[in-house]
**Student:** 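Can you read through this structure? Questions will come right after.
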Amino acid sequence: MKKYLALNMKAYQTSVKDVEKNIALIGALNKKTKVTTIVCPSTPMLSLVAKKFPKRSTLFLGAQDAFYETEGAYTGMTSPKLLKDLKVSHVIVGHSERRAMGETNKQVNKKIHACLKNKLIPIVCVGEKSRDAAGLFLLELKQQIIETFAELTESQFKNILIAYEPVWAIGQDAKRSATPDEAVEMALYITKILHEQLGVKNHQKISVLYGGSVNSANAHDFVKHSHIAGLLVGRASVDPKELPGLFAACK
Ligand code: PGA
């Protein structure tokens, strides 16, 4: 089964040269492995990467965010329509690092609708902040999912990727990644909520990626499960020592 490898370069690289080097390595690994790769550099680099990108059916350009309005007086925001014009195909929305800066479920929902309207595939991040023994975190996640995916039709889910990203597992301060079993359970839980609450009946249309401290050592343990459609990788996506292993795992 084809697995996605989405590489969120965040704001890790601060020179054009470093981004170019990383992109060249990703391009070479993509060519070699033919893994469906979504490269998400920081916004100022999108145009340059778009120009350097070889045309290949397995290589996609992603943005790390987009605004929900197409145009107007919105200083600092990025128009989804402009992204489309730049040959961007995917957009990460609702990342926990943006939610931590105040983004609400409602705003994430508007961004999903704006992406779909502009024929961009949103990679929608959901995940609980922490876990508790009583399992209340499941209710937190349920509410987040219901509000995040409000007013979408079943057929739209084939143009959406969902990333299950438990906040406690993200970044270098995380004590651990989720276990593959936890990730599978949560992928099933997300699918169940979409089915029960939002009427998404055809489970084939729902693709759930896992993200949170994925690296070359644990990547294969996630993607070997049929319920995990791929990976959303943060810091390992700018590490030349990690990238070959990530591609090998998703092959
Ligand atoms: P990480 O980030 O791989 O650095 O934990 C994952 C993410 O935020 O998507």
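Counting convention: from 1, in listed order, for ligands and their atoms alike.
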**Student:** Once you restrict both partners to nitrogen or oxygen, which atoms of ligand 1 have a protein partner under 3.5 Å, and how far apart are they?
**Tutor:**
residue: ligand 1; atom: 2 (O); partner: Lys10; partner atom: NZ; Å: 3.1
residue: ligand 1; atom: 3 (O); partner: Gly234; partner atom: N; Å: 2.9
residue: ligand 1; atom: 4 (O); partner: Arg235; partner atom: N; Å: 3.0
residue: ligand 1; atom: 4 (O); partner: Arg235; partner atom: NH1; Å: 2.8
residue: ligand 1; atom: 5 (O); partner: Gly171; partner atom: N; Å: 2.8
residue: ligand 1; atom: 5 (O); partner: Ser213; partner atom: N; Å: 2.8
residue: ligand 1; atom: 5 (O); partner: Arg235; partner atom: NH1; Å: 2.8
residue: ligand 1; atom: 8 (O); partner: Lys10; partner atom: NZ; Å: 2.7
residue: ligand 1; atom: 8 (O); partner: His95; partner atom: NE2; Å: 2.6
residue: ligand 1; atom: 9 (O); partner: His95; partner atom: NE2; Å: 3.4
residue: ligand 1; atom: 9 (O); partner: Glu165; partner atom: OE1; Å: 3.2
residue: ligand 1; atom: 9 (O); partner: Glu165; partner atom: OE2; Å: 2.6

**Student:** Could you tell me whether Arg235 and Glu242 have a side-chain N and a carboxylate O separated by less than 4.0 Å?
**Tutor:** no

**Student:** Answer yes if the side chains of Thr58 and Asn30 hold a donor-acceptor pair under 3.5 Å, and no otherwise.
**Tutor:** yes

**Student:** Pick out which of Glu140, Glu185, Glu182 makes a salt bridge (charged side-chain N to carboxylate O under 4.0 Å, His left out) with Arg131.
**Tutor:** Glu182

**Student:** May I ask you to test the Val167-Ser130 pair for a side-chain heavy-atom distance under 4.5 Å?
**Tutor:** no

**Student:** Specify whether Tyr210 and Phe222 have parallel, tilted or perpendicular ring planes, treating 30° as the upper limit for parallel and 60° as the lower limit for perpendicular.
**Tutor:** parallel

**Student:** Side chains of Glu147 and Asn105: any donor to acceptor distance under 3.5 Å?
**Tutor:** yes

